Amino acid sequence: MWKWTDPKNIKVVILDTDSLDKDYLLFPYNQYLPNVQLFFVKHIDTPNYYEQEVITYFDITVMLQEILLKSKCNSTSIISISNNPIFLKEMMQNHIGTVLTGDLKKDFLKFTPDFTDCIIDLLPSVLQNGTVGYGAEVYATYGEARIKMSLLKCKSEISLNDGTIREVDFFFGGRYYSDRHQYLFNDPLSHVVLNFKHQYTKAVDLFFDSAIYFIRRREPVDILTYIPLKPNDIATNRFDRFANLRLERNSKDQIKLQNVLICHKDFSQKGNDLFMRKETVKDAFSVALDVQGKNIIIIDDVYSTGSTIAEAIRTLYGNGANKVTAILLAVNQMTESFLEYQNLTCPICGNEMTLRMNNHNGKLFFGCKGYKQHPETSYTIDVEKGLSLLKDKNKLVVSDIIDLEDEY
């Protein structure tokens with residue numbers, strides 16, 4: 001889903017000529033977005049192979065200021081298209097919508113654009129809001145499926161103890177912002193992820209059911225499993241979130257979650273670097289069932305470095321599994337904003353309004369901490385309207401660059 005863009009009001013497309021194929025540069029954008037303005041951009045250090053007028057930039061923030069001035073458009077009406085995830089990372093930091101034309105590699109999962117793997121045939125659907133975004137983000141926001149949801153996909157390799165290398169397909173439902181991240185309180189999927197740690201969450205169930213069914217339609221699946229609880233979690237009766245999933249569509253085909261793995265270690269990955277995470281989880285799992293020759297889907301909630309789920313997959317392959325596919329609810333994001341972030345405020349009491357969940361239907365809404373106690377009727381905002389207001393409050397604005405330069 002678009003993090004900063006109003007999908008019904010796209011007026012400007014920024015095209016990264018340094019990375020895009022000619023098909024994207026010559027694409028008839030105005031056929032799908034009437035009166036759209038195109039801005040072709042290139043870095044100052046790269047040669048210009050394109051015949052159209054190109055904006056040359058050294059600093060992306062300054063380049064965006066120039067585009068805002070020339071287009072006379074709000075930044076919520078601007079999107080950027082590139083095959084370079086580093087270019088798009090800077091766009092995200094400036095609250096600009098992002099489309100990656102190629103696959104997202106493992107090293108850039110922490111900077112996931114709004115849309116990835118956008119081949120030229122999919123571009124019209126993205127531009128016209130036909131493809132609405134990653135599945136778990138859609139379920140978290142709307143509480144139901146929408147046409148043409150997508151799964152974020154990434155290929156990775158797992159090295160087994162005997163030196164054998166096995167390929168693994170990773171699928172993700174969307175982006176997660178941790179408790180150190182300023183977007184956390186306003187991001188629907190992040191809120192849902194935290195809620196899922198403590199209680200059954202319908203949006204999570206619907207996402208996993210949909211994603212598993214999607215994969216099963218394309219390849220045979222023998223076993224469906226998940227990352228198990230640790231020994232201390234079991235001893236303290238911690239909520240077993242995966243065991244409570246219903247997966248109704250898959251259950252009709254007798255495909256149910258099985259507790260295939262056993263965890264033998266109490267470990268924590270918080271604060272550890274990648275090396276320590278791998279060492280901490282090493283040999284943590286064993287198998288409780290025969291997986292020889294089986295095709296397995298394994299699910300988990302959040303992917304940070306991938307050390308835990310990689311060790312689980314390594315265990316399954318080491319015990320003879322034929323193919324292992326991973327589905328994760330979300331991938332942890334590290335993209336921070338260059339702009340000061342503003343939350344919604346309650347017009348009655350002036351306190352911050354953050355996302356909350358209706359315990360009866362599982363739907364999200366924005367409300368302040370005392371919304372139930374207001375003397376008038378409770379003041380809340382539905383999630384779609386709230387997200388739209390947040391985009392407007394946090395849009396990129398034109399700053400007086402000339403005055404800033406004069407000062408120095």
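Keep in mind that the numbers below use all heavy atoms, side chains included, and drop hydrogens, waters and symmetry copies. Note that the structure is a prediction, hence the values are computed from the model and not measured.
- Here the side chains of F39 and V13 are not in contact, with every heavy-atom distance at 4.5 Å or above.
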Next item on the list: List the steps, then state whether side-chain contact (heavy atoms from CB on, under 4.5 Å) holds for M334 with F111.
Entry: CA-CA 6 Å; M334 296 299 291; F111 312 105; 3.9 Å; yes
Next item on the list: Give the C-alpha distance, both sets of side-chain angles, the deciding distance and a yes or no for side-chain contact (heavy atoms from CB on, under 4.5 Å) between M92 and N94.
Entry: CA-CA 5 Å; M92 285 185 271; N94 283 281; over 6 Å; no
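- Checked for salt-bridge contact, D392 and K395 meet the test: a charged N lies under 4.0 Å from a carboxylate O.
- Of the charged side-chain nitrogens involved, none lies within less than 4.0 Å of a carboxylate oxygen, so that D382 and K363 do not count as a salt-bridged pair.
- Ring pair H43/Y57 is perpendicular by interplanar angle, where above 60° counts as perpendicular and below 30° as parallel.
- Judged by the 6.0 Å and 45° rule, K153 forms no cation-pi pair with F171.
- A search for side-chain hydrogen bond (donor to acceptor under 3.5 Å, both in side chains) contacts involving K369 returns nothing, not counting sequence neighbours.
- Y371 is listed as a side-chain neighbour of R356, based on a closest heavy-atom distance under 4.5 Å.
- Screening I309, I327, T325, L152 for a side chain to side chain contact (heavy atoms under 4.5 Å, CB included) with F170, the sole residue that qualifies is I309.
- The shortest non-hydrogen separation linking F366 to V383 is CE1-O, 3.8 Å.
- The aromatic ring centres of F27 and Y32 sit less than 6.0 Å apart.
- The one candidate from T101, L100, L25, D16 that meets the side chain to side chain contact (heavy atoms under 4.5 Å, CB included) condition with I81 is T101.
- No donor-acceptor distance shorter than 3.5 angstrom exists from the side chain of S80 to the backbone of I14, with no hydrogens or angles considered.
- Using modelled atom types and a 3.5 Å distance limit, the side chains of N186 and N343 yield a donor-acceptor pair.
- Panel note: side chain T98, backbone P113; no donor-acceptor pair is recorded below 3.5 Å.
- Taking a 6.0 Å sphere around CD of E219, one finds it holds more than 12 heavy atoms contributed by other residues, nucleotides or ligands.
- Residues N74 and S77 have side chains that never bring a donor and an acceptor to within less than 3.5 angstrom of each other.
- Figure legend: cation-pi geometry between R241 and Y226 absent, as NZ or CZ is not positioned both under 6.0 Å from the six-membered ring centre and within 45° of its axis.
- The main-chain N or O of I348 is never found under 3.5 Å from a side-chain atom of H374 such that the two would form a donor-acceptor pair.
- Between E352 and L344 there is no side-chain heavy-atom pair separated by less than 4.5 Å.
- In this structure, CD1 in I79 is found 4.5 Å from CD1 in I10, a value given to the nearest 0.5 Å.
- The side-chain heavy atoms of Q199 and N244, taken from C-beta on, include no pair separated by under 4.5 Å.
- In summary, the side chains of S82 and N84 do not present any donor paired with an acceptor at a separation below 3.5 Å, with no hydrogens or angles considered.
- Counting all heavy atoms, side chain and backbone alike, I96 lies closest to S75 at CD1-CB, 4.0 Å.
- With hydrogens and angles disregarded, no donor-acceptor distance shorter than 3.5 Å links the side chain of S210 to the backbone of L206.
- With rounding to the nearest 0.5 Å, the separation of NZ in K391 from CG in N9 is 11.0 Å.
- Side-chain N/O atoms of N332 and Y303 include no donor and acceptor closer than 3.5 Å.
- When all heavy atoms of T5 and I78 are compared, the pair lying nearest together is OG1-O, 3.7 Å.
- Closest approach of Y24 and C118 over heavy atoms only: OH-O, 2.7 Å.
- Using a 4.5 Å cut-off on side-chain heavy atoms (C-beta onward), V168 and K155 make no contact.
- With ring centers used as reference points, F207 lies 6.0 Å or more from F196.
- For residues 100-123, every residue pair satisfying the salt bridge (Lys or Arg N to Asp or Glu O under 4.0 Å) rule, not counting sequence neighbours, is listed here: D114-R175.
- Remark: side-chain polar atoms of Q333 are paired, donor with acceptor, to backbone N or O of V331 under 3.5 angstrom.
- At a threshold of 4.5 Å between non-hydrogen side-chain atoms, the residues I212 and I297 count as touching.
- At a threshold of 4.5 Å between non-hydrogen side-chain atoms, the residues L104 and C154 do not count as touching.
- Note: S156 OG to I313 CD1 = 8.0 Å, rounded to the nearest 0.5 Å.
- Remark: the backbone N or O of L33 is not paired with any side-chain donor or acceptor of Q128 at under 3.5 angstrom.
- Residues L328 and D301 form no side-chain contact, since every pair of their non-hydrogen atoms from C-beta on lies 4.5 Å or further apart.
- One distance of note links CD1 of I120 with CG of D23; it measures 5.5 Å at 0.5 Å rounding.
- A salt bridge links K70 and E66; the closest N-O separation between the charged side-chain nitrogens and carboxylate oxygens is under 4.0 Å.
- Once rounded to the nearest 0.5 Å, the distance linking CD1 of I299 with CG of L245 reads 5.5 Å.
- At a cut-off of 3.5 Å, with distance as the only test, no side-chain donor of T76 or D6 sits close to an acceptor on the other residue.
- K294 has no carboxylate O lying under 4.0 Å from a charged side-chain N of D222, or vice versa, which leaves the two without a salt bridge.
- There is a side-chain donor-acceptor pair under 3.5 Å between H264 and S286.
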Item checked: Worked check of side-chain contact (heavy atoms from CB on, under 4.5 Å) between M63 and I55 -> CA-CA 8 Å; M63 177 261 285; I55 295 177; 4.0 Å; yes
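- One N or O on the side chain of Y317 and one on the backbone of V324 form a donor-acceptor pair closer than 3.5 Å.
- Atoms CG and CZ, on L109 and F172 in that order, are 5.0 Å from each other to the nearest 0.5 Å.
- At least one donor-acceptor pair under 3.5 Å links the side chain of N250 to the backbone N or O of D209.
- A salt bridge links K3 with D187: the closest approach of a Lys/Arg side-chain nitrogen to an acidic carboxylate oxygen falls below 4.0 angstrom.
- A distance-only check finds a donor-acceptor pair linking the side chain of S251 to the backbone of L247 [under 3.5 Å].
- K230 places no side-chain N or O within 3.5 Å of a backbone atom of I234 that could act as its donor or acceptor partner.
- In terms of heavy atoms, T225 sits closest to L261 at OG1-N, 4.3 Å.
- The two atoms that bring L229 and R238 nearest to each other are CD1-O, 3.9 Å, heavy atoms only.
- Residues satisfying the ring pair (Phe, Tyr, Trp, His ring centres under 6.0 Å) criterion with F108, sequence neighbours excluded, are absent altogether.
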Next item on the list: Apply side-chain contact (heavy atoms from CB on, under 4.5 Å) to Q37 and C73, showing your working.
Entry: CA-CA 10 Å; Q37 300 179 65; C73 282; 3.8 Å; yes
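- Under the 6.0 Å distance and 45° angle rule, R217 does not count as a cation-pi partner of Y213.
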